[in-house]
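Keep in mind the model is a prediction, meaning the values are calculated, not measured. To find a chain, count down the sequence lines: A is the first, B the second, and so on, and within it residues start at 1.
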Amino acid sequence: MAVSLDTNDQMKVRLDKIPALREAGENPYTDRFERTHTPGEARELADGVENVRCCGRLVSFRSFGKLAFGHIFDMYGKVQFALQKDVLGDRFKTFEKLVDIGDFVGVEGSMISTKTGEKTISVTSWTFLSKSLRALPEKFHGLTDPELRLRRRYLDLISDSDVMTRFKLRTKIIKTVRDFLDGNGFTEVDTPVLTNKASGALARPFTTHNNALDIDVFLRIAPETYLKRCIAGGMDRVYEFARSFRNEGVDASHLPDFTLLEYYASYWNYVDNMNFIERLLKHLISETTGSLELSYQGQKINFAGDWLRITFRDLIFRDCGIDIDTLDTKEALQNAINSNGIVFDTDVNVAKAGRGTLIDFLYKKVSRPALIDPIFVTGHPLDLSPLARSNDENPKVVDRFQLVVNGWEVVNAYSELVDPMDQAGRFAQQAEARAQGDTETMDVDNDFLLCMEYGMPPISGLGLGVDRFIALLTDAPTLRDVVLFPLLRPEKE
RNA sequence: GGGCCAGUAACUCAAUGGUAGAGUAGCGCUCUUUUAAGGCGUUAGUUGCAGGUUCGAGUCCCGCCUGGCUCACCA
């Protein structure tokens, strides 16, 4: 591919400044700069502090002939500097002529406050650090084209401080969760991304090929079965921030690769788990937002108080009067749905769906959209949960909960199935459903079954859609706003 | 995949079918307290791509590309 630099006249002007910088004794691409303060730190200093050395990207510059002001920027903030011809002599003109907005510079000087009260580095000397060949986005509006903001996220980070703030908050959220888990006896592990079976969830995987072994492999859709292997191996409590991949729709709440936090704790059941995650998330929310009440896209969400817990059956019964416990077959359920005048938008998939999937459709239609404040939905139908432990009193449901916030399932958790005979039966059931055309099924995973045959302790595990939760906490309208570089079609050459 | 909308200078945006413009950025001059600095002057375009209608297309029609919103499927 040809490398081409001369696309517009503004670039030519900047390119021409490179030899001019060399002539003026500056290296257009300097190797280092000894910094005493970041811009954010510098503006906290008292007036009169000397020998402040600060560097960053030049983001604004205003010259008055013999006096000039500019700002240098990094992720921690901006600081103003002032250049004076009386102080710098010829070097004043050199800066004015050869430094462009977007270039990296280092300045040295003492702290002053200007007439308007802004902390400013009164520059005694400056060093050119690195040349920018392209003009940054317009200073007032920044980038508004949503496509360009994603493709050139680095520009978005520079020109929109909310974007930088959001990604810094993302890092803090993940760190806060990690610290909390570490402080509660959990061990962080890494499990494979390339796998032989796409198991642990119901989703279409990406497929690729390993040449050395000459086998097709799948990108993981969830780390679940590997984390359970860790538990079988004696690791008491484990977790992973697992980048996972699903070859499905891409939209505001779905990305092809996304971050799934999963953890598993030996000797817990799903109630222990519910209690724990409520503590963890309340800690996380107040730690990162300073409150337990937040506003998402204008919608108030209240995380304070004990979160409601309701069974799947009670919830659906409450919202449409259908009692799924009394309807054992797909046909009976379908009749009840029809006689209640409930219509799904696509009949194609309904035709192929088993009873479990049909219940899921019903729940998503009549109940889920109205669940705004955090609520634990428990006791899902067995046919929807091939990896969850069935309930001791009611074998038609499983010991499972989902945490729903703003209509989003942000958390999914079970008392895990550890009975290998039961698991073998569930796999068989899934295989049968698949044979009948239900695409929402799970692969039979005999290697995982083998592990279970060796024995597992009681376990409760949990999965949390990290990107979605971050979107909630940072009031981001889409998941793409909380992922630095979401997948896009390549730009045409 | 379906429906709706958008793509004009490096960036932000204009232009009843009739000479493609402005602001920012850039370049030149001016200016010692600005912070969207000011003043005077000035450069900058294959109007996403490719066809068609027309004396004439940024504008109308057809196809394609890219993106956004939305519906369906999915966390």
Has the side chain of [X] got a donor or acceptor that lies under 3.5 Å from a partner of the other kind on the base of [N]?
X: A:Q80; N: B:U34; value: yes
X: A:D251; N: B:C71; value: no
X: A:E138; N: B:A25; value: no

With a 4.0 Å cutoff (strictly under), does any side-chain N or O of [X] reach OP1 or OP2 of [N]?
X: A:K66; N: B:U34; answer: no
X: A:R151; N: B:G67; answer: yes
X: A:R489; N: B:U66; answer: yes
X: A:K97; N: B:C29; answer: yes
X: A:K85; N: B:C31; answer: no
X: A:T144; N: B:C13; answer: yes

Which nucleotide in the set [options] lies at the smallest distance from any side-chain heavy atom of [X]?
X: A:L143; options: B:C73, B:U12, B:C27; answer: B:U12
X: A:Q10; options: B:U33, B:C11, B:A25; answer: B:A25
X: A:T478; options: B:G68, B:C69, B:U12; answer: B:C69
X: A:H141; options: B:C31, B:U12, B:U33; answer: B:U12

Given Watson-Crick or G-U pairs with both distances under 3.5 Å, what dot-bracket string fits RNA chain B, with | for other-strand pairs and [ ] for crossing? (((((((..((((....[..)))).(((((.......))))).....((.((..]....)).)))))))))....
Is [X] touching bases, backbone alone, or none of the nucleic acid, heavy atoms closer than 4.0 Å?
X: A:S63; result: base
X: A:Q84; result: base
X: A:K78; result: nothing
X: A:G142; result: sugar-phosphate
X: A:R480; result: sugar-phosphate
X: A:L464; result: nothing

Take the protein atom [atom1] of [X] and the nucleotide atom [atom2] of [N], then report the distance between them rounded to whole Å.
X: A:F64; N: B:G38; atom1: CZ; atom2: C1'; value: 8 Å
X: A:I158; N: B:A10; atom1: CD1; atom2: P; value: 19 Å
X: A:D160; N: B:U12; atom1: CG; atom2: P; value: 13 Å
X: A:D145; N: B:U24; atom1: CG; atom2: P; value: 22 Å

